[in-house]
**Student:** 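Got a structure here, written out as structure tokens. Questions coming.
First the proteins, then the strands, lettered A, B, ... as listed; each starts at 1.
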2 protein chains.
Amino acid sequence: MRPTLQTVADTVGVSRSTVSNAYSRPDQLSADLRDRILAAATALGYAGPDPTARSLRKRRAGAIGMLFTSSLSFAFTDPYAVQYLRGIAEAAEQARTGLLLLPLSVDDDVAAVAAVNEAAVDGFCVYCMPDWHPALDALAARGLPVVSGQRRASDGPQSAFVGIDEAAATRAAGEHLMALGHRRIAVIGDYFSVAPTIGPALLASPADVAYYTSRERLRGYQAAFAAAGVDWSTVTTVNVPGNCRDDGAAAAAHLLDRAPRPTAIAALSDIVALGVLDALRARGLQPGRDVSVVGFDDIPEAAAENLTTVHQPAADRGRRSGELLLDPPADPADRTVVLPTRLVVRATTGPAPS
Amino acid sequence: MRPTLQTVADTVGVSRSTVSNAYSRPDQLSADLRDRILAAATALGYAGPDPTARSLRKRRAGAIGMLFTSSLSFAFTDPYAVQYLRGIAEAAEQARTGLLLLPLSVDDDVAAVAAVNEAAVDGFCVYCMPDWHPALDALAARGLPVVSGQRRASDGPQSAFVGIDEAAATRAAGEHLMALGHRRIAVIGDYFSVAPTIGPALLASPADVAYYTSRERLRGYQAAFAAAGVDWSTVTTVNVPGNCRDDGAAAAAHLLDRAPRPTAIAALSDIVALGVLDALRARGLQPGRDVSVVGFDDIPEAAAENLTTVHQPAADRGRRSGELLLDPPADPADRTVVLPTRLVVRATTGPAPS
DNA sequence: CGCGCGTACTGTATCGATGCAGAAGGGTTC
DNA sequence: GAACCCTTCTGCATCGATACAGTACGCGCG
């Protein structure tokens, strides 16, 4: 039988409340009595107030929850996600709060909703979830504070936004490609269609994409192309199911093994862009000369491989998200944080081949 | 006022237990009544049983805790730690259990102990903590299952071990250096002394190191050197406070900027070894020819930079740890898992210069 | 008709703590 | 010596759920 507050109280001969005070409010009792209580507790093998019971009573879990796209373990393979996590971990650490990573099975929506409903947390942080995911509705139903990097119509008044201007970011990248004279363009990204397959996606308009991040980034490209007189209907879009290098290479294959091939390929993430580079090299094509490639995120590997990309502050994004969640500003206007991005031109973009 | 089970029960006109059953044991009531209850709950904005209250009653938190060396945010900068985390996340995901990352302030022991005592979890996973850290005692006091990668005298009967034979791993690396003819050797690692400074450490014997991982790895090197007739007293040891590349370079500076410089440098982690490579290159020295360098872990960057190192299965280690924690084998013998390691010889080791 | 049995639901005790009102005890003030 | 105060400690209600024993009731069976 594990000892409880009552056990200790009985041993010392004081009331349960007094023992509780010995742990949580040392100023409420004499130092002498407190020492006696703590000594008795140690002797009994009592390790302090039960965290669960304390959470119930105090109505505070002492942890924040983190929701990821796809599976939890997959998130650790994505350098951008790791940076983001690092930022949020910093914020949690500072506030002496735990960080609960929620397991979201990729294809089991019921389990995902259950995970959200069963998480003992004080708030949630959402990282790149598809808009339609039922876990987001479960989140809203719980009524806890939420910080997200994507805007949703159903966001409650409690919710906050920490992110970037996705469309402006890709618009800059698109203008860069236009200035270089590219007119035959392809865009590779995820969630263009719901089907988890690698291959061309028929997208009448970026607005049709149900995944916030991809949709906004496509919009930015569309705007840049339109401003240069390039109609969206001439742009090829390719879907990748997962954010990984091999999938990027496979998606690029769809574009490179047919004529005429695009002169520029814009990937909506660096990992995918690096896969595109692999595919180019495998075919003896030189990035930046034969085909230009742009990524997104500016992960460390992008610099190492000289990839032109859009930089976004991953760790900052995580840290600000955590801070906003742990200490929500009273003024709703302060609950929207838009971080800066910038185009980083490296070696994988160059003038369109004539 | 947030709705509770009672609110819903009163609305529908049934008892609280019945509403509870509607959520947790659907077979205990008729489908019709269950539908009515769930409908009423939705109408009231009741999102399901409160996780904290449920945890208290069920005596199960639905999460496992993760303890890291140094600060939580720092762990994300270490590729090896990230791989380990990925493994444990996989196990957690499979068991539909949350993963609670505990904030351990670097130098605030009191806060670290508090974090352990306040974590609502069903067990703990310990990753590379110094043996003397008070949080480990707090852990033991709580009496929860613990899986660790380091053995401690005070480990309880509940505890399990998942790790590698650290000494055997470095012994192989040491034999490799001996076979190449190296006799002037330096070893760089962390926690050689308690002082968090970069610089030579006076270590009469590896046994003096209080940090399990470093101690065992040093023992392996000592054994390999001794077998070749190289006495430990001729080995230079250098302490690095943190596991990062810059510190590795700074530590190497202590060795390279004096004569005679060592012909081989063994680092107890890849990150530090990569820093050593930086220091060599900054001085126009060629790794593997002028000075040999060995790392430990075999992180992805090690392969990219052709570092000779000891491979250990990071993700496996995490995954097995999680599995053992979530589903402890009845037989104590099965609670010790020793994973294989192997020496990976690449370009940074070569014959000792004459 | 009475017995046994299974289904569907209820009532109470319990999980382990904290918040708060208030009481006991000792000392100060006028 | 009564009024008052402060410190220290007590006792009760409460947080929101689940476990388990118990009850009501319909039904088949000898």
**Student:** How large an angle, rounded to 10°, do the end axes of the helix from C:dC1-D:dG30 to C:dC30-D:dG1 enclose when each is built from five base pairs?
**Tutor:** 50°
**Student:** Who are the side-chain hydrogen bond (donor to acceptor under 3.5 Å, both in side chains) partners of B:N21, not counting sequence neighbours?
**Tutor:** none
**Student:** Regarding B:S30, tell me which of base, sugar-phosphate or nothing describes its non-hydrogen contacts under 4.0 Å with the strands shown.
**Tutor:**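 Since only primed, P, OP1 and OP2 atoms lie under 4.0 Å of B:S30, the category is sugar-phosphate.
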**Student:** Answer with base, sugar-phosphate or nothing: what part of the nucleic acid does A:T52 contact at a heavy-atom distance below 4.0 Å?
**Tutor:** nothing
**Student:** For a quick check under 3.5 Å, do B:R317 and B:Y127 share a side-chain donor-acceptor pair by atom type?
**Tutor:**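 B:R317 vs B:Y127: no donor-acceptor pair found between side chains.
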**Student:** Regarding B:L5, tell me which of base, sugar-phosphate or nothing describes its non-hydrogen contacts under 4.0 Å with the strands shown.
**Tutor:**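 Here B:L5 touches the bases of the nucleic acid.
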**Student:** So what does B:T18 hit on the nucleic acid, given a heavy-atom distance under 4.0 Å: a base, only sugar-phosphate, or nothing?
**Tutor:**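 Here B:T18 touches the bases of the nucleic acid.
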**Student:** The side chain of B:R25 lies closest to which of these nucleotides: D:dA19, D:dC9, D:dT10?
**Tutor:** D:dA19
**Student:** Which is the 5'-most and which the 3'-most nucleotide of DNA chain C that has an atom under 4.0 Å from a heavy atom of chain A?
**Tutor:**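 Counting from the 5' end, contacts occupy C:dG16 to C:dG19.
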**Student:** Give the nucleotide from the list D:dT10, D:dC12, D:dT8 with an atom nearest to the side chain of A:R16.
**Tutor:** D:dC12
**Student:** Contact class for B:T4 vs. all strands (heavy atom < 4.0 Å): base, sugar-phosphate, or nothing?
**Tutor:**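 Touches sugar-phosphate only.
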**Student:** Classify A:S55 by what it touches in the nucleic acid, base, sugar-phosphate, or nothing, heavy-atom distance under 4.0 Å.
**Tutor:** nothing
